[in-house]
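Notes follow once the structure below has been shown.
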Amino acid sequence: MIEVRNLVKKYGDHIAVDHLSFQLEAGRIYGFLGPNGAGKSTTMNIMTGYLGATEGEVLINGHDILKEPEAAKRQIGYLPEIPPLYMDMTVREYLEFAAELKGIPAKKRKDEVTEIEKMVKIRDVEHRLIKNLSKGYRQRVGLAQAVMGFPEIMILDEPSVGLDPKQIIEIRELIRKLAKNHTVILSSHILAEVQEVCDYILIISKGRLVASDTPENLELMLGSRGGVEIETEASPSDIRLILKPVPGIESIEIQRDGEHPARVYIRTKQGEDIRERVFRAFAAAGIPLLTLKTSGTSLEDVFMELTQKESVPDALIRQTVKRKEAEEHAGSL
Ligand code: ADP
Ligand code: MG
């Protein structure tokens, strides 16, 4: 199990990681999802002991990454954003060197390198210089280096960035294969990627954890946040009056910005389409609608909202936390 407690990383005045806490259990595939600059690489570098934190702790199966770095690092294989490859070595030379660094006994090294080369499908290029390999092959060599010694936990920073679609499919298959025997944590700025590969997603924005759940639950959460967005010149009190008798509405949020028309977010129950009812209500009141559209129903929308707006995350965090507490409560009964 991995425990990250109250992690903070400051670069001068800039807070790259802002009081991040989470626990990861063995045997799952976790995804760190967040836009560029969210703090994913910084967090991974701290978790793997490559970077010191300003505050907070990281425990790898109970071993503090700072106080017991050797015991903690032994459990981790890491593929950093830029894999530490030696361009003038052949694949085999490099991997045998990596095996030595990982403390694999000389007698076992050759066999283990061969086994891993087969596993990540680079046996056919083992005598080529790394500098002459394609990006896809280099990434696999980086992955081979991370797998060396078969650590329990694999941490992969944007493993498919810069790969072509065919290579991406291959890397994903490999990650799934790895996950059968390892806990895998990968980062990505692409929602579809973590959605497809991961059992559990942690959404990181501006160094903070803004949501964490299974892809299915995140989607459900979004689904239940479905609704309709309208724009109208009517006053907030008139808007409330007009919408009051309309069935299917859960809540209304009105934003009015100076002289601009009011923007109204109407939340509905999941799957309920109230556009026609809203249109008729306003028409009956003789007030024109300037726009009328459905809003916020895909995971992509939620992700965009969570990582761009300041106001929305709290509602979602509260929802995630509330659900978690309910689950824990149920679990403790
Ligand atoms: P991500 O991997 O999610 O794209 P990073 O962890 O690389 O994000 O970066 C998080 C933030 O920290 C960014 O704003 C980035 O500019 C800043 N940052 C990262 N490394 C350094 C550094 N060595 N010095 C100063 N700022 C840094
Ligand atoms: Mg990064």
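No experiment lies behind these values; they were computed from the predicted model shown. Every number for a ligand or one of its atoms is a count from 1 in the order of the listing.
- Using modelled atom types, one finds a donor on one side chain and an acceptor on the other under 3.5 Å when comparing E158 with H189.
- Evaluated for a side chain to side chain contact (heavy atoms under 4.5 Å, CB included) with T48, the options I155, I60, T43, I153 yield exactly one hit, I155.
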For residues 8-26, dump all side-chain donor-acceptor pairs below 3.5 Å to protein atoms at least two apart in sequence or in another chain.
from : atom 1 : to  : atom 2 : distance (Å)
K9   : NZ     : G52 : O      : 2.8
S21  : OG     : N6  : N      : 2.8

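- Rounded to the nearest 0.5 Å, atoms CZ (R74) and CD (E152) are 12.5 Å apart.
- Here R5 contributes atom CZ and D64 contributes atom CG; the two are 9.0 Å apart, rounded to the nearest 0.5 Å.
- For the 3.5 Å distance criterion, the side chains of E81 and S41 qualify, holding a donor opposite an acceptor.
- In this model, no donor atom of one side chain and acceptor atom of the other lie less than 3.5 Å apart for Q195 and E193.
- Considering each of T42, I204, N45, the one bringing a non-hydrogen atom nearest atom 6 (O) of ligand 1 is T42.
- Protein atoms of type N, O or S found under 2.8 Å from the Mg ion (ligand 2) total 2.
- When only non-hydrogen protein atoms are considered, atom 15 (C) of ligand 1 lies nearest to H14 NE2, 4.6 Å.
- In this structure, the protein non-hydrogen atom closest to atom 8 (O) of ligand 1 is G39 N, 3.1 Å.
- Using a 4.0 Å cut-off between heavy atoms, S187 makes no contact with ligand 1 at all.
- Residue, atom and distance of the protein heavy atom nearest to atom 10 (C) of ligand 1 are G37 O, 3.4 Å.
- Counting only residues at least two apart or in different chains, side-chain hydrogen bond (donor to acceptor under 3.5 Å, both in side chains) contacts with residues 121-135 comprise D88-K131, R92-E126, E117-R123, R123-E126, D124-Y137.
- Nearest protein heavy-atom neighbour of atom 7 (O) of ligand 1: S41 CB, 3.8 Å.
- When hydrogens are left out, the protein atom nearest atom 12 (O) of ligand 1 is A16 CB, 3.3 Å; that is the closest non-hydrogen contact.
- Taking every non-hydrogen atom of N36 and a distance limit under 4.0 Å, the qualifying atoms of ligand 1 come out as 4 (O).
- Among protein heavy atoms, atom 18 (N) of ligand 1 sits closest to Y11 CE1, 3.4 Å.
- The distance from the CG atom of N45 to the CG atom of D157 is 7.0 Å, given to the nearest 0.5 Å.
- Here K244 pairs with nothing under the salt bridge (Lys or Arg N to Asp or Glu O under 4.0 Å) rule; sequence neighbours left out.
- Numbered from 1 in the order shown, with element, the atoms of ligand 1 that lie under 4.0 Å from a heavy atom of P35 read 3 (O).
- Checked by atom type, the side-chain pair T214/N217 shows a donor-acceptor distance below 3.5 Å.
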